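Report on the following structure.
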Amino acid sequence: MKIENVVASAAVDAEMDLDKIAATLDNAEYEPEQFPGLVLRLKKDVPKGIPKAAILVFSSGKMVCTGSKEIRLVKVALTETLKQIRKCGIKVKGEATIKIQNIVASSDLKSELNLDKIAFTLENTEFEPEQFPGLVFRVAKPKVVFLLFRSGKIVCTGAKKVIDVRRGVEVLVKELKKAKVL
Amino acid sequence: FYRLKRWHKQVSTATERNLRFALSELDRISSTLSLPKNIRETTALIYRKAVTKGLVRGRSMESVVAAALYAACRKHNVPRTLDEIAEASNVKKREIGRTYRFITRELKIRLLPTSPIDYISRFSSSLKLSPLVQEEAIKILKQAQEHDLVSGRGPTGVAAAAIYVSSTLSNEKRTQREVAEVAGVTEVTIRNRYKELIEELGIADKMSEASAKDD
DNA sequence: GCTTTAAAAAGTAAGAT
DNA sequence: ATCTTACTTTGGAAAGC
């Protein structure tokens, strides 16, 4: 499995002056009429060790970090975000409290899938080719959702821990084998 | 007691009013799509179940009617595309699809994916193709199913490709543009699907011979 | 429910060349 | 005809409508 994206929420104990940040940083977008959060885009900078990510900053000091390819990089991105915010003259104490909210991963079962048969055999699935070419497979424990494609490529989303992705794949494979579709 | 009585009365009145509006909306969409009575009845049945389960809360009545209609057409094997229903109603395609998946999940209605075969007669009629060409298109689709060339692709695109191939193989040729028009897909899609069909089904030679000739 | 963010899968679409 | 860009689906948080 390859992690493609990590979404995390974070918070710092400080009020954010979004107008001030938007006026100071050129990598920030702020359209309060459209969305209450300020969008801060970090571009990948290998020498500085900065990963690509997009951070939504709210006036309450709460934030959302998206786009990380590794769990570890969420903290790196948020640390850089606070650094830039402080550079705007806003005082922020300490580090942000981080909580991973969603992990998106992809993989390849290395076997073509008969989605019609899977949809017909398993109840926890949805398959509407007119609307989307992938089959939706919901796993209760761990609570994750898979998108299965006829090529055998799969996407896992909804996981809050990396181990949930692994366990989810185990459940998925077990179910597919039980239904003799893999 | 009076209070409870009045509450019942108000609820049933509100429900009836909702149902009346829903049925008039259903009639309006049905007539623009000229759908038969049995489909309107199935749609009304699904809509009533949705209301009973409180599935209309939080979304527009129109979207639920449109979604129920989409489901009813599929159930009777005379599918209308989301685009067609979106055009006949004032609901966006995306919203109808979401609502359809929602009520279908909640009411535990499981419908098989739409088969391209169910689109053949309607598309062929629009193209004024003979029953012979239609039957050939259906034969191609059955072979396509065996070769797993249907699953995961849009049903209308596959149906359009089959019609394009069968008409090309006959003396009732239709252009990709004409077929694309009635099927509501692009010529690029027909091209992608029909190339896959003739290659996998081994009728590529027959196709190139046929397209070289005139009607 | 919606709005905004990011990313993958595969199919389809639209506009440009 | 082919390329590029973009939209469909899945999941989750943020503040406000």
Side-chain angles (χ1 to χ4, degrees), chain A residues 1-11 16 18 29-42 51-69 73-74 77 98-109 113 115 125-139 143-160 164-165 168, chain B residues 57-60 63 81-83 92-95 97-99 101-102 151-158 160 176 180 183-193 195-196:
Chain A
M1 282 308 257
K2 179 192 177 193
I3 294 180
E4 304 286 358
N5 183 28
V6 177
V7 178
S9 54
M16 299 292 193
L18 303 185
E29 282 176 45
Y30 182 42
E31 295 293 331
E33 314 280 19
Q34 194 171 69
F35 189 70
L38 175 149
V39 182
L40 219 171
R41 287 167 212 281
L42 298 185
K52 178 182 180 184
I55 295 81
L56 303 181
V57 182
F58 298 85
S59 57
S60 62
K62 290 189 174 181
M63 308 178 276
V64 172
C65 177
T66 67
S68 296
K69 293 283 187 185
L73 297 179
V74 171
I98 304 171
K99 183 178 181 185
I100 303 301
Q101 300 289 358
N102 185 25
I103 297 172
V104 180
S106 66
S107 185
D108 190 349
L109 295 179
L113 301 173
L115 303 185
T125 61
E126 273 184 12
F127 183 38
E128 293 294 333
E130 184 185 339
Q131 298 166 53
F132 188 68
L135 178 149
V136 181
F137 190 117
R138 291 172 206 286
V139 174
K143 185 173 179 290
V144 295
V145 175
F146 284 96
L147 297 182
L148 313 189
F149 297 85
R150 62 187 181 84
S151 63
K153 297 280 186 59
I154 65 175
V155 171
C156 176
T157 186
K160 282 191 158 55
D164 288 344
V165 176
Chain B
R57 290 176 190 174
R59 64 196 82 232
S60 74
S63 69
T81 63
L82 289 175
D83 280 321
K92 300 279 182 262
K93 174 183 181 178
R94 180 183 173 185
E95 186 56 30
R98 288 184 174 184
T99 305
R101 291 195 300 274
F102 177 67
S151 182
R153 290 88 166 171
T156 52
V158 180
Q176 291 179 5
V185 297
T186 63
E187 295 164 75
V188 176
T189 294
I190 290 190
R191 227 167 277 141
N192 291 335
R193 294 296 136 246
K195 283 177 183 169
E196 191 173 57

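Naming: A, B, ... by sequence-line order, numbering from 1 per chain. For clarity, every value in this text was computed on a predicted model and none was experimentally measured.
Remark: the separation of the C1' atoms in D:dA1 and C:dA9 is 26 Å, to the nearest Å. Annotation: C:dT12 and D:dT9 have their C1' atoms spaced 14 Å apart (nearest Å). Spacing of C1' atoms, C:dA8 relative to D:dT2, comes out at 24 Å, to the nearest Å. Here, D:dT8 and C:dT3 have their P atoms 10 Å apart, quoted to the whole Å.
At the heavy-atom level, A:Lys160 lies under 4.0 Å from the strands shown only through sugar-phosphate atoms. Residue contacts for A:Ser68: at a heavy-atom cut-off of 4.0 Å it reaches no nucleic acid atom on any strand shown. Residue contacts for A:Lys99: at a heavy-atom cut-off of 4.0 Å it reaches no nucleic acid atom on any strand shown. Note on B:Arg59: nothing from the nucleic acid sits closer than 4.0 angstrom, heavy atoms only. Across all strands shown, A:Lys52 has heavy atoms under 4.0 Å from sugar-phosphate atoms exclusively, and none from any base. Residue contacts for A:Val155: at a heavy-atom cut-off of 4.0 Å it reaches a base atom on one of the strands shown. The residue B:Arg101 sits close only to the backbone: its heavy atoms come under 4.0 Å of sugar-phosphate atoms, none of a base. Here B:Lys92 lies out of heavy-atom contact (under 4.0 Å) with every strand.
In this structure, B:Arg59 is positioned above the aromatic face of B:Phe102, its NZ or CZ under 6.0 Å from the six-membered ring centre and within 45° of the axis.
Separating the CZ atom of B:Arg94 from the C1' atom of C:dG1 is a distance of 12 Å, rounded to the nearest angstrom. Atom C1' of nucleotide C:dT5 and atom OH of A:Tyr30 are separated by 16 Å, given to the nearest angstrom. Rounded to whole angstrom, the span from the CZ atom of A:Phe58 across to the C1' atom of C:dT3 amounts to 10 Å. At whole-Å resolution of the value, CD1 in A:Ile3 and P in C:dA9 are 16 Å apart. Note: NZ (A:Lys2) to C1' (C:dA7) measures 9 Å, nearest angstrom. For A:Leu147 and C:dA9, the CG to P distance is 11 Å, given to the nearest whole Å. Between the CG atom of A:Leu42 and the P atom of C:dA6 there is a distance of 12 Å, rounded to whole Å.
Between A:Leu18 and A:Pro36 the shortest heavy-atom distance is CD1-O, 3.6 Å. Listed here is the closest heavy atom pair of A:Pro129 and B:Arg153: CB-O, 3.7 Å.
Using a 4.5 Å heavy-atom threshold, the side chains of A:Val64 and A:Val7 count as touching. Counting only heavy atoms from C-beta outward, the side chains of A:Ser107 and A:Lys153 never approach each other to under 4.5 Å. Using a 4.5 Å cut-off on side-chain heavy atoms (C-beta onward), A:Ile100 and A:Val6 make contact.
Atom OG1 of residue A:Thr157 and atom CD1 of residue A:Ile103 lie 9.5 Å apart, to the nearest 0.5 angstrom. Rounding to the nearest 0.5 angstrom, the gap separating the CZ atom in A:Phe137 from the CG atom in A:Leu113 is 11.0 Å. How far CE of A:Met63 is from CD1 of A:Ile55: 8.5 Å, rounded to the nearest 0.5 Å. Atom CG in A:Leu73 sits 11.0 Å away from atom CG in A:Leu42 (nearest 0.5 Å).
Ion pairing between B:Lys92 and B:Glu95 fails under the 4.0 Å rule for side-chain N and carboxylate O.
Bounding nucleotides for the chain A contact on DNA chain D, 5' to 3', at a heavy-atom distance below 4.0 Å, are D:dT8 to D:dA15.
Counting only N and O atoms by type, the side chains of A:Gln131 and B:Arg101 include a donor and acceptor under 3.5 Å apart.
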For DNA chain D, the dot-bracket pattern of Watson-Crick and G-U pairs whose distances stay under 3.5 Å, | for other-strand partners: ||||||||.|..|||||

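At distances below 3.5 Å, at least one donor-acceptor pair connects side-chain atoms of A:Lys69 with backbone N or O atoms of A:Glu4.
Of the two residues contacting DNA chain D, namely A:Ser59 and A:Val104, the nearest-nucleotide position lying further toward the 5' end is that of A:Val104.
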Sequence-aligned protein contact record of nucleotides 10-17 of chain C, with B where the base is within under 4.0 Å of a protein heavy atom and S where only the sugar-phosphate is: BSSSS---

